[in-house]
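A short write-up of the structure that comes next.
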Amino acid sequence: MTLRLLFAEIRSNVKKICDNLGYQQAEFDVSEASRPEFGDVSCNVGFLLAKSLKKRPFEIAKSIANEYNKDKGKFVTEVSAHSSGYLNFVANYPLLTQSVIQSSIQENYGQIDIGKNSKIVVEHTSVNPNKALHVGHVRNIIIGDTISRILQKACYDVRVLNYVDDSGLQVADIIVGFRYGGFSREPPKGQKFDHYCGDVVYVNTTERYENDPTLATKRSLILKELEEGKSETAKFGDEITRHVLEEQLKTCWRLGVTYDCLNFESQIVRSNLWKNVFDKMKSMGIIELEKEGKNVGCWVIKAESDDKVLVRSDGTATYIAKDIPYAAWKLGILDDPFYYKQYSTQRDGRVLWETTLENTETKLNFTGDAVITVIDSRQSRLQNIITKIISDFKAKEGSYFHLGYESVTLSAETAKTLNLDTGGKSVQMSGRKGIYVNADYVLDILGVKTYEEAKKRNPDLNEVKLVQISEQVAIGALRYSMIKQDLDKIITFDMTESLSLEGDTGPYIQYSYARAMRILEKGGKTPSFGVSFSDLNTSYETILAKMIGKFDIQVEDAAKNLSPKIIARYCYDLAVAFNTFYEHVKVLTAESEALVNARLCLVYSFKETLDKALSLLGIDAPERM
RNA sequence: GGGCCUGUAGCUCAGCAUGGACAGAGUGCUGGACUUCUAAUCCAGUGGUCAAGGGAUCGAAGCCCUUCGGGCCCGCCA
């Protein structure tokens, strides 16, 4: 049993009692008590019925408590009416602890069937393949990855896509750099190719446009050649973007993120997808050819505020126009023009596919009944237009969902390290201007720090182990910091602050896991679960057990609200409950052998649950640290 | 001008969807706890007109309206 069942029992009994007393139906709430002195569970039914019964909430609660006390059911030992009007319940701890521990050692603990195995597509990452990933991209990647993991736990059949925008202006920019900027094709020794392209070639090239107007002309010629797809330039662009992509993916994999399929924008452009959608929109009258005004000669979509150009007067498609067939494709509205080939096998064993227009004779299906596109909320306007068009295509209501989030900015102090004086204000990142902090760099710096810390604490561990731990902790720290706050809060990234490993951080949570592992290791033998847990009666133990018992409730909440933060908070709360327990309750030196065993079971139950919860965040649980 | 987001402790944020019992964490600062299952920890203290004003409600940080800060978006760029 988990807390869910305790709540369900109380809800059903209260409802029954209300019926018997002739009270009218009310949508009352059964939830955890806000403070320990109010017991474990509270119900607000008294407040809701006060008006219709013309009685004080306390009177109503009293009458229900009275009835409830006649038969308290299985999981409740005390029922009381509080003078405030609440109905409060105390749980049957021996039974609760027992059931929670037993449930938590099941392989699929925390799983909850919301998705009913329906197909859902999550698209995230989608970074232009002309630069390395910076901390702003990391937020997108981690949100998308965490959501995918949570949805999977909630029994959705999840497909993860990464859209590679390999035919846009930014790609033309680096080609200009290589062709006319005098940049070597090979990066300096020791520098990753994606860093080289972004930090050196891209930034320097965009700078040169200001002084050399002929470069812009060269760029538009290159852009045209890219779209046509058969030229030497297109081939060269393809090589560059694929090389950058390969390096970007290394960073993603390092973060523990994997995908199912890479979709290349160039292929969408060269396939007939756009033409199909264009015709469809024309025949549906969603778009029109502008006859006059500033957009004369363009195909535009009439939006509520401003019209949006889809096809330029020279006949080429804009960025948003390319996104529409892709969105439709993701929902399976269009015939799939692609074949598929294997890109690689990722480290978790998941095969990564890529689309191709060559006939490989392999047809796969990466579409979904619903699509979640993770893009920062600065693109909400465009995403709204796409959502609107997709709903005009009669996809099921709400099937295309833009999951937006606020951006990551750099703190004034961190900007200063990039030689940027912002006058004490934080600053928006910009790949073009070179204002960003690369993800690999952050992980490397974090890794050095976590390595030193781990070595200090574990002099007996060998080099390989220490490196492994430091990497796990560095990634835990970064991932957690990207997910712990709400999506609509701006994250101000500060390098110094990001090195903090104490308090509400990933490492704090990982540390609690390592502590639990150490107890189990020193305990020596596998604890025996077929015993009574009634001796686990300190508040430290019951609070920990209750926290463990909330896992599936949190998964449900996170999945329904697409809110990764909920799982982050749960992991933190779980770790706090364990650390408090750890400081106050001795396990291995408990009074009796039976008590040692019972506590070992609780510790085991905790570590299993934390491991599962952390895995939803893509954070490894280290055995030592 | 229009749209979206945001304002809670010195700082960073939970809580707001579904109104209810004295508004919670982390961090900072002040003190305390390692011969003990790892102190990346724990304990105590400090710290709040929940931006302001109004409204509906028995009851508002939360709902409605207004105002004021802050951020972002409104291109034949992506």
Side-chain angles (χ1 to χ4, degrees), chain A residues 27 29 31 33-35 37-38 42 44 46-48 50-51 56-57 82-86 88 128 165 167-171 265 290 294-300 303-306 308-320 322-323 376-382 384 404-407 409 425-426 428 450 453-454 456-458 473 477 484-492 494 497 500-512 514-523 560-561 565 569 572-573 575-576 579-580 582-590 599-600 603 624-625:
Chain A
E27 285 295 311
D29 196 35
S31 58
S34 59
R35 306 165 166 272
E37 60 264 37
F38 300 142
S42 296
N44 67 347
F47 296 105
L48 302 181
K51 198 162 208 175
R56 285 175 31 225
H82 188 269
S83 56
S84 62
Y86 272 102
N88 291 330
N128 291 336
D165 184 357
S167 63
L169 208 59
Q170 357 72 33
V171 176
E265 182 181 80
E290 202 68 68
K294 59 173 183 169
N295 295 331
V296 62
C298 300
W299 283 91
V300 302
E304 291 133 36
S305 46
D306 261 331
K308 190 76 207 164
V309 172
L310 294 187
V311 178
R312 304 182 184 104
S313 48
D314 68 359
T316 56
T318 60
Y319 156 77
I320 179 170
K322 296 178 204 168
D323 250 20
D376 83 81
S377 43
R378 284 175 296 193
Q379 298 204 41
S380 294
R381 183 179 289 261
L382 295 178
N384 284 341
Y405 60 92
E406 282 293 335
S407 54
T409 63
K425 296 215 297 199
S426 57
Q428 288 282 331
T450 51
E453 296 285 332
K456 197 164 69 193
R457 294 170 163 81
N458 300 280
V473 177
K484 75 167 177 174
Q485 60 197 126
D486 211 64
L487 300 182
D488 47 24
K489 288 281 197 322
I490 293 171
I491 292 180
T492 305
D494 182 82
E497 200 182 302
S500 159
L501 309 175
E502 290 164 16
D504 184 8
T505 65
Y508 172 93
I509 299 166
Q510 290 172 309
Y511 183 63
S512 71
R515 280 179 141 182
M517 280 308 286
R518 201 64 163 152
I519 294 175
L520 293 168
E521 186 190 317
K522 293 207 168 171
K560 283 186 173 165
N561 293 299
K565 165 194 73 178
R569 292 208 72 79
Y572 177 70
D573 290 341
V576 168
N579 275 330
T580 310
Y582 183 95
E583 295 283 344
H584 296 94
V585 180
K586 291 296 155 215
V587 176
L588 299 178
T589 52
R599 286 183 177 162
L600 279 173
V603 171
R624 295 273 295 268
M625 71 181 268

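Worth saying up front: this structure is predicted, and the values here are computed from it rather than measured. Just the heavy atoms: all of them, side chains too, but no hydrogens, waters or symmetry mates, feed the values below.
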Quiz item: What's the spacing between A/Ser167 OG and A/Lys322 NZ if we round to 0.5 Å?
Solution: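 A/Ser167 OG to A/Lys322 NZ: 4.0 Å, rounded to 0.5 Å.
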Quiz item: Is it the case that A/Asn579 and A/Tyr508 place a side-chain donor and acceptor less than 3.5 Å from each other?
Solution: yes
Quiz item: Who are the salt bridge (charged side-chain N to carboxylate O under 4.0 Å, His left out) partners of A/Lys425, not counting sequence neighbours?
Solution: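 Residues passing salt bridge (charged side-chain N to carboxylate O under 4.0 Å, His left out) with A/Lys425: none at all.
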Exercise. Mark up nucleotides 35-40 of chain B, 5' to 3', with B wherever a protein heavy atom is under 4.0 angstrom from a base atom, S wherever such an atom reaches only the sugar-phosphate, and - elsewhere.
Key: -BBBSB
Quiz item: With distance as the sole criterion, do the side chain of A/Asn44 and the base of B/A21 form a donor-acceptor contact below 3.5 Å?
Solution: no
Exercise. Answer yes or no: side-chain N or O of A/Arg56 and base N or O of B/C58 forming a donor-acceptor pair under 3.5 Å.
Key: no
Quiz prompt | With sequence neighbours excluded, residues passing side chain to side chain contact (heavy atoms under 4.5 Å, CB included) with A/Arg624 | solution = A/Asn458, A/Asp460, A/Leu461, A/Ile469, A/Arg518
Quiz prompt | With A/Tyr582 via side chain to side chain contact (heavy atoms under 4.5 Å, CB included) - residues at least two apart | solution = A/Arg515, A/Ile519, A/Phe578
Short heteroatom pairs, N/O only, protein and nucleotides 75-78 of chain B, under 3.5 Å:
| residue | atom | partner | partner atom | Å |
| --- | --- | --- | --- | --- |
| B/C76 | O3' | A/Arg312 | NE | 3.2 |
| B/C76 | O2 | A/Ser313 | N | 3.4 |
| B/C76 | O2 | A/Ser313 | OG | 3.2 |
| B/C76 | N3 | A/Ser313 | OG | 2.8 |
| B/C76 | N4 | A/Lys294 | O | 3.4 |
| B/C76 | N4 | A/Val296 | O | 3.1 |
| B/C77 | OP2 | A/Arg312 | NE | 2.9 |
| B/C77 | OP2 | A/Arg312 | NH2 | 3.3 |
| B/C77 | O3' | A/Arg312 | NH2 | 3.4 |
| B/A78 | OP1 | A/Arg312 | NH2 | 2.4 |
| B/A78 | OP2 | A/Arg312 | NH2 | 3.2 |
| B/A78 | OP2 | A/Tyr319 | N | 3.1 |
| B/A78 | O3' | A/Asp165 | OD2 | 2.7 |
| B/A78 | O2' | A/Asp165 | OD2 | 3.1 |
| B/A78 | O2' | A/Gln170 | NE2 | 3.2 |

Self-check item: RNA chain B stem ranges, 3 or more consecutive Watson-Crick or G-U pairs under 3.5 angstrom
Solution: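 Expected stems, ordered by start: B:1-7 with B:68-74, B:10-13 with B:24-27, B:28-33 with B:41-46, B:51-55 with B:63-67.
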Practice problem: For atom CD of A/Glu37, decide whether the heavy atoms of other residues, nucleotides or ligands shown that lie under 6.0 angstrom number more than 12. | Solution: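 Yes, because the 6.0 Å sphere around CD of A/Glu37 holds more than 12 heavy atoms from other groups.
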Quiz item: Charged N to carboxylate O below 4.0 Å: is that the case for A/Asp314 and A/Arg312?
Solution: no
